[in-house]
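Okay, structure first, notes after.
Side chains are part of it too, since the values below use all heavy atoms of this structure and drop only hydrogens, waters and symmetry mates.
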Amino acid sequence: MLPFIIILPSLLYSLISLLSAVKYFKGDGARGKGQKKVFDLPCLPGVTILKPVKGLDADSYDNFVSFCRQQYEGPLQLLFAVASADDQIITVIRQLIADFPGHDIGLTINPSIHG
């Protein structure tokens, strides 16, 4: 009988947690009837992706295009940071800006060491 008494509190806690999780994920928890889900936001916050780059590789353009093809419903800004004005990657970024005129893509060139 003693081992049963010892494990009873943790067993009850586990069962209550499991039932609460099932109820929440079925849609009955955290909101009342007629309310929107927490994830159905009318306006998603803006996001800035800061991409420090240096040098050029074979797949640079394709990698940068993947940022532009994201399915994010809110405002999205891509900001590329380059340390040298003569870096070859700048031509790829300028091509990306020309190929995606509807996107908010920025390029900053700053030779300062900040870290």
Side-chain angles (χ1 to χ4, degrees):
M1 186 70 167
L2 184 60
F4 179 72
I5 293 173
I6 292 173
I7 65 165
L8 183 64
S10 61
L11 180 65
L12 286 174
Y13 178 79
S14 298
L15 289 174
I16 291 170
S17 298
L18 180 64
L19 291 174
S20 297
V22 168
K23 182 178 178 183
Y24 179 81
F25 287 111
K26 283 178 75 174
D28 297 337
R31 65 182 197 273
K33 211 171 194 178
Q35 291 181 344
K36 285 186 173 183
K37 291 182 182 177
V38 175
F39 302 109
D40 288 342
L41 299 174
C43 180
L44 293 174
V47 173
T48 297
I49 298 175
L50 176 60
K51 183 72 176 156
V53 291
K54 181 176 183 178
L56 181 65
D57 65 1
D59 296 326
S60 293
Y61 182 79
D62 293 330
N63 290 336
F64 299 156
V65 166
S66 69
F67 288 112
C68 296
R69 293 190 175 145
Q70 293 187 68
Q71 298 297 318
Y72 184 69
E73 299 297 325
L76 177 67
Q77 177 189 28
L78 300 174
L79 183 58
F80 293 93
V82 181
S84 174
D86 59 347
D87 197 329
Q88 296 175 345
I89 198 68
I90 292 175
T91 58
V92 174
I93 295 169
R94 293 196 192 280
Q95 182 64 44
L96 185 75
I97 292 170
D99 291 346
F100 292 91
H103 286 69
D104 185 6
I105 303 172
L107 171 64
T108 182
I109 302 170
N110 187 344
S112 300
I113 297 175
H114 295 281

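Not a single side-chain hydrogen bond (donor to acceptor under 3.5 Å, both in side chains) links Ser20 to another residue, sequence neighbours left out. Partners of Asp104 by side chain to side chain contact (heavy atoms under 4.5 Å, CB included), not counting sequence neighbours, listed by chain and number: Gln77. Partners of Ser112 according to the side chain to side chain contact (heavy atoms under 4.5 Å, CB included) rule, which considers only residues two or more places apart in sequence or in another chain, are Asn110, His114.
Taking hydrophobic clusters as Ile, Leu, Val, Met, Phe, Trp and Tyr residues chained together by side-chain heavy-atom distances below 4.5 Å, Leu96 shares a cluster with Tyr72. In terms of hydrophobic clustering, with Ile, Leu, Val, Met, Phe, Trp and Tyr side chains grouped at heavy-atom distances under 4.5 Å, Val53 and Leu50 are assigned to different clusters. When the side chains of ILVMFWY residues are joined at heavy-atom separations under 4.5 Å, either directly or via intervening members, Leu15 and Tyr24 end up in two distinct hydrophobic clusters. Under a hydrophobic-cluster definition in which Ile, Leu, Val, Met, Phe, Trp and Tyr are linked whenever side-chain heavy atoms come within less than 4.5 Å, directly or via other members, Leu11 and Val22 are assigned to different clusters.
Sparse packing is recorded around CD of Glu73, with 12 or fewer heavy atoms of other residues, nucleotides or ligands lying under 6.0 Å away.
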task = Give the intermediate values and the outcome of side chain to side chain contact (heavy atoms under 4.5 Å, CB included) for residues Val92 and Ile89.
result = CA-CA 5 Å; Val92 174; Ile89 198 68; 4.2 Å; yes
Worked check of side-chain hydrogen bond (donor to acceptor under 3.5 Å, both in side chains) between Asn63 and Ser60 = CA-CA 5 Å; Asn63 290 336; Ser60 293; 5.6 Å; no
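Nearest heavy atom pair, residue Asp87 against residue Lys54, reads OD2-CA, 3.4 Å.
The ring pair (Phe, Tyr, Trp, His ring centres under 6.0 Å) contacts involving residues 81-107 comprise Phe100-His103, where partners must be two or more places apart or lie in separate chains. Screening residues 1-14 for side chain to side chain donor-acceptor pair (under 3.5 Å), with sequence neighbours left out, gives no hits.
Once rounded to the nearest 0.5 Å, the distance linking CG of Leu107 with NZ of Lys51 reads 14.0 Å.
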Cut-off 3.5 Å, no hydrogens considered: what does the side-chain donor-acceptor table look like for residues 78-85, sequence neighbours left out?
| unit_1 | atom_1 | unit_2 | atom_2 | d |
| --- | --- | --- | --- | --- |
| Ser84 | OG | Asp86 | N | 3.4 |
| Ser84 | OG | Asp86 | OD1 | 2.2 |

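Side-chain contact between Ile105 and Phe64 is absent, with no heavy atoms from C-beta onward closer than 4.5 Å.
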